[in-house]
Amino acid sequence: MTAGATARAAELAERLAAVTARIEAACAAAGRAPGEVRLLPVTKFHPATDIAILYDLGCRAFGESREQEATAKVTELTPGLSEPVAWHMIGRLQRNKAKAVARWAHTVQSVDSERLAAALDAAARSALDAGERSAPLRVLLQVSLDTDPGRGGVAPADLPALADRIAAAPALELAGLMAIPPLDAEPDSAFARLETLHTRLRGTHPGASELSAGMSGDLESAVAHGSTCVRVGTALLGTRPITSG
Ligand SMILES: *Cc1c(COP(=O)(O)O)cnc(C)c1O
């Protein structure tokens with residue numbers, strides 16, 4: 001390794017330990033077992049070399065938000081990984097990208113419309129038939145906690161119908177909910193609403209046990225409100241490099 005690569009590996013090891021300690025402390029404060037909350041490192045905009053370092057440190061799941069960038073990284077890294085990695089698509093997804101994503105995604109966390117769900121179901125079916133994947137595509141419904149439709153997410157009122165649609169799709173597995181709290185509100189009240197929606201959803205779909213909530217700045221609040229997956233980018237990898245896209 002170059003000196004730069006060695007320094008980056010040391011930096012990421014330290015940051016990973018700090019984020020893991022935060023999650024453990026948040027679980028302890030909420031009276032939850034530490035194993036109930038998993039860390040999803042969010043590696044968007046960061047190079048594949050950072051993912052390789054985190055893999056060597058024991059991470060086996062990663063979140064990416066842009067199809068092209070993710071497809072390139074998965075293609076580059078997969079031949080060198082001896083153990084399976086669960087790649088999560090967490091960003092807004094256009095239907096015409098469903099085919100590419102269904103080839104590598106373990107989970108898509110950002111499903112917010114019946115049209116996208118139908119496209120992913122068809123794409124996952126093709127990928128299963130072609131032997132490109134071996135299990136149904138796990139899907140989290142992204143729910144909107146604000147009134148700005150630009151940020152993505154299904155309105156809470158439309159959530160039950162979309163959940164039923166996904167549960168009935170043969171190549172999809174309804175795994176739970178995901179949300180990003182509104183920019184202008186207290187994360188605590190947003191996560192409390194999310195927790196209520198999740199409890200309701202599990203009443204009709206008991207298998208939808210995953211709750212993806214919490215990022216670098218608000219993971220403690222999310223863990224207090226039932227998160228099972230915290231998506232952490234900045235606290236783990238540092239500020240994202242500026243890009244044009
Ligand atoms: C980028 C991103 C994150 C990570 O945010 P940080 O504040 O950097 O931890 C989490 N979730 C989604 C959907 C993202 O796009």
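For ligands, and for the atoms within them, numbers begin at 1 and follow the listed sequence.
- Among protein heavy atoms, atom 8 (O) of ligand 1 sits closest to T234 OG1, 2.6 Å.
- Every N/O-N/O distance between S65 and ligand 1 stays at or above 3.5 Å.
- No more than 12 heavy atoms of other residues, nucleotides or ligands sit less than 6.0 Å from atom CD of Q68.
- Counting protein heavy atoms only, atom 9 (O) of ligand 1 is closest to S216 OG, 2.5 Å.
- Checked for salt-bridge contact, E132 and R103 meet the test: a charged N lies under 4.0 Å from a carboxylate O.
- Counting protein heavy atoms only, atom 2 (C) of ligand 1 is closest to K44 NZ, 2.6 Å.
- Within the 4.5 Å cutoff, the side chain of L174 has heavy atoms near those of the L141 side chain.
- Where the criterion is an N or O separation shorter than 3.5 Å, residue side chain and backbone included, I180 fails it with respect to ligand 1.
- For atom 10 (C) of ligand 1, the closest heavy atom belonging to the protein is M215 SD, 3.2 Å.
- Expressed to the nearest 0.5 Å, how far CE of M89 lies from CG of L137 amounts to 11.5 Å.
- A salt bridge links K73 with E64: the distance from a Lys NZ or Arg NE/NH1/NH2 to an Asp or Glu carboxylate oxygen falls below 4.0 Å.
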request  = Test side chain to side chain contact (heavy atoms under 4.5 Å, CB included) on L140 and H88 and set out the steps.
outcome  = CA-CA 10 Å; L140 303 188; H88 289 236; 5.7 Å; no
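- Ligand 1 is never approached by Q109 to a heavy-atom distance shorter than 4.0 Å.
- Protein heavy atom in closest approach to atom 12 (C) of ligand 1: I90 CD1, 3.5 Å.
- Atoms of ligand 1 lying under 4.0 Å from at least one heavy atom of R240, given by number and element, are 1 (C), 8 (O).
- Here R92 does not pair with E67 in a salt bridge; the nearest charged N to carboxylate O distance is not below 4.0 Å.
- Counting protein heavy atoms only, atom 11 (N) of ligand 1 is closest to R231 NE, 2.9 Å.
- Atoms of ligand 1 lying under 4.0 Å from at least one heavy atom of V232, given by number and element, are 9 (O).
- Environment of CZ in R38: sparse, with no more than 12 heavy atoms of neighbouring residues, nucleotides or ligands closer than 6.0 Å.
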